[in-house]
Each structure stands twice: as structure tokens, then as C-alpha cells.
**Student:** 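Before I ask anything, let me first share the structure, which is written out below as C-alpha cells.
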Amino acid sequence: MKTFLSSVAAFAVFSLSACGFGAGIETVQAPDAVIVTGVIDAYTEEDLREAVKNNPSASKLVLQYVPGSSDDEASLTGLSGFVRGSGLTTIVPANGMVASGGTDLLTMGAVRIIEPGACIGVHTWAAGFNVSGVDLPRNAPEHELYLQFYRDMGIDEAFYWFTLDAAGPDEIHWMSDAEINRFKLSTTPLHSSVRETPEQRAARCEMR
């Protein structure tokens, strides 16, 4: 499971789950796009298929706030096939945030746009309370789901290993423009004139 939530958002999702409600995503229609917020789950592919079907002009997914995924296998197989197969562009707007499984959703775009100021978060995945990706040897079979996903998306496998080392499962690393460009997460490289320390970036992104 790959999810990062601020303390406020995490409490909200926990409360919903305790009451028997799934987190899931919400979509809002725009003239040529579907705006996406929420946590990816087993129903997200179906939800996005319906949203795109209802908006024939939609060629973009605007990822406003997608802090992660509660179902990696569904996300990295069926959902990725739909997004990439549909030729959709994924966009993280300047005031947007993706993290963990939400960052994976970004990489599914046939074209990927990260606007200056957008927050892109990564960390190691965890399975329950006992297993995290960074603790497994590199030849462990548990890595293959993720490695195959990045191969299919045309993302350098080095990015996967970077995410495992970047932060623990209960932490998050907010990527710099240089890191985003290093792994070609944005089809158009970022050239922001804003200079900030990792601490300043973390403080800014964790307020979203």
C-alpha cells in the first residue's frame, strides 16, 4: 500500500474507514479534463472510465490532490492500462499535490505535465505493518509488480529504487525540480526560478 496523508487528511480517511466508507476518489468535470482528488482504490479505474465516458472532450486528468493508493495491484495493472491506453495527459497543477501511489498515477500519463510549484512526493511502499520495500533484497519477487509497471510506463527503473530509499513508509520525500527532471517525470522539464531548501519544500507541501 502506498499512501501519504497529512495528519488532518489521515484522520479524515481513518474516520471514514471506521464508519464503513471507502476513501476512493472524487472527480469534477472541466471542459477538456477530469479533475481528480482522493485516494486510489480498487474502484478508481471504473470511476475514471465513467468520468471520461461522460466527458468525451476530456483528454487530461488534473491531479489536484492524490495522496496515495490503498490497492497497489489494481492501480499498477488495470488503472495504468486504462490511463495510458486512453492516451490521457496527466497534470499536477501548481497548487496540486500527488504522493506515493498518486505519483504513480502521474506517471501513467501518455504526456505528463508538472507545473512549477506542484508537490511530488515519494516513499517506500509497505505491506501491512511488517514488510516495506526498502527492507527486502533487490532480487525479492515483491519488487516485480512495481518494476514491471515502470517498464510499461517507460520510466527508468532507477526511479523505483530511488523511491524506496527516499523515505520510510510513514514519511515522505518531496522531490526537487532536479530530481523530477532526473527521472523525466514531467514530459517537459521543469525550470523553476524559485529556490527553496528541502525543509521549506516540505513545509509548503505538507500544508496542502
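Because only heavy atoms are used, hydrogens play no part in the values below, and waters and symmetry mates are left out as well, while side chains stay in. Keep in mind that this is a model prediction, so the values were computed, not measured.
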**Student:** Calculate, to the nearest 0.5 Å, the distance between atoms CE and CD1 belonging to Met175 and Ile180 respectively.
**Tutor:** 5.5 Å
**Student:** Closer than 3.5 angstrom, by distance alone: can the side chain of Thr37 be matched with the main-chain N or O of Gln64 as a donor-acceptor pair?
**Tutor:**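 No: the side chain of Thr37 does not pair with the backbone of Gln64.
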**Student:** Has Ser186 got a side-chain atom pairing as donor or acceptor with Thr188's backbone, closer than 3.5 angstrom?
**Tutor:** yes
**Student:** So which heavy atom on Ser100 is nearest to which on Pro67, and how close?
**Tutor:**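 For Ser100 and Pro67, the tightest heavy-atom pair comes out as CB-O, 3.9 Å.
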**Student:** Tell me which pairs pass ring pair (Phe, Tyr, Trp, His ring centres under 6.0 Å) where either residue lies in residues 175-208, with sequence neighbours left out.
**Tutor:** Phe159-Phe183, Phe162-Phe183
**Student:** Apply the test side-chain contact (heavy atoms from CB on, under 4.5 Å) to residues Trp174 and Arg204: give CA-CA distance (whole Å), side-chain angles for both, the deciding distance (0.1 Å), then the verdict.
**Tutor:** CA-CA 10 Å; Trp174 299 105; Arg204 175 173 62 82; over 6 Å; no
**Student:** Going from SG on Cys205 to NE2 on His173, what distance comes out if it is rounded to the nearest 0.5 angstrom?
**Tutor:**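 Result: 10.5 Å between the selected atoms.
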**Student:** Using a 3.5 Å distance criterion without hydrogens, assess whether the side chain of His143 forms a donor-acceptor pair with backbone atoms of Trp161.
**Tutor:**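 Answer holds: no.
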**Student:** Quick one: does Glu45's side chain have a donor or acceptor within less than 3.5 Å of a partner on Ala74's backbone?
**Tutor:** no
**Student:** Between the side chains of Glu144 and Arg151, is the shortest nitrogen-to-carboxylate-oxygen separation below 4.0 Å, so that they form an ion pair?
**Tutor:** yes
**Student:** Identify the two heavy atoms, one from Ala99 and one from Ile172, that lie closest to each other, and give their separation to 0.1 Å.
**Tutor:** CB-CD1, 4.0 Å
**Student:** Indicate the ring-plane relationship of Tyr160 and Tyr146, choosing parallel, tilted or perpendicular according to the 30° and 60° boundaries.
**Tutor:** parallel
**Student:** Just verifying a value: how many Å separate Ile35 CD1 and Ile25 CD1, rounded to the nearest 0.5 Å?
**Tutor:**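 The distance works out to 12.5 Å.
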**Student:** Testing Val34, Leu61, Val111 one by one against Leu88 for a side-chain contact (heavy atoms from CB on, under 4.5 Å), which residue passes?
**Tutor:** Leu61
**Student:** Say whether, by atom type as modelled, one donor and one acceptor occur between the side chain of Ser80 and the main chain of Thr77 under 3.5 angstrom.
**Tutor:**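 Yes, Ser80 side chain to Thr77 backbone: donor-acceptor pair under 3.5 Å.
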**Student:** Nearest 0.5 Å, what's the CG-CG distance between Leu185 and Asp177?
**Tutor:** 11.0 Å
**Student:** Charged N to carboxylate O under 4.0 angstrom, Asp156 versus Lys184?
**Tutor:**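 Lys184 and Asp156: not salt-bridged.
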**Student:** Do Val66 and Val28 sit in one hydrophobic cluster, given that two such residues count as connected whenever their side-chain heavy atoms are within less than 4.5 Å of each other, even indirectly?
**Tutor:**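 Different hydrophobic clusters.
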**Student:** Rounded to the nearest 0.5 Å, what's the gap from CE on Met97 to CD on Glu206? Could you check?
**Tutor:** 9.0 Å
**Student:** Do side-chain atoms of Asp41 reach the backbone of Thr44 as a donor and acceptor pair under 3.5 angstrom?
**Tutor:**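 Yes; judged by distance alone, with no hydrogens or angles, the pair exists.
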**Student:** Measure the spacing between CZ of Arg208 and SG of Cys119 and express it to the nearest 0.5 Å.
**Tutor:** 3.5 Å
**Student:** Between the main-chain N or O of Leu79 and the side-chain N or O of Arg84, is there a donor-acceptor pair closer than 3.5 Å?
**Tutor:** no
**Student:** Checking side-chain contact (heavy atoms from CB on, under 4.5 Å) against Val36, which of Val62, Thr90, Leu48 comes through?
**Tutor:** Leu48
**Student:** Checking Thr187 side chain against Arg112 main chain: does a donor-acceptor pair fall under 3.5 Å?
**Tutor:** yes
**Student:** Between the main-chain N or O of Val134 and the side-chain N or O of Thr124, is there a donor-acceptor pair closer than 3.5 Å?
**Tutor:** yes
**Student:** Okay, side chain of Glu50, backbone of Asp47: is any donor-acceptor separation there less than 3.5 Å?
**Tutor:**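 Flag not set: sc Glu50 to bb Asp47 has no pair under 3.5 Å.
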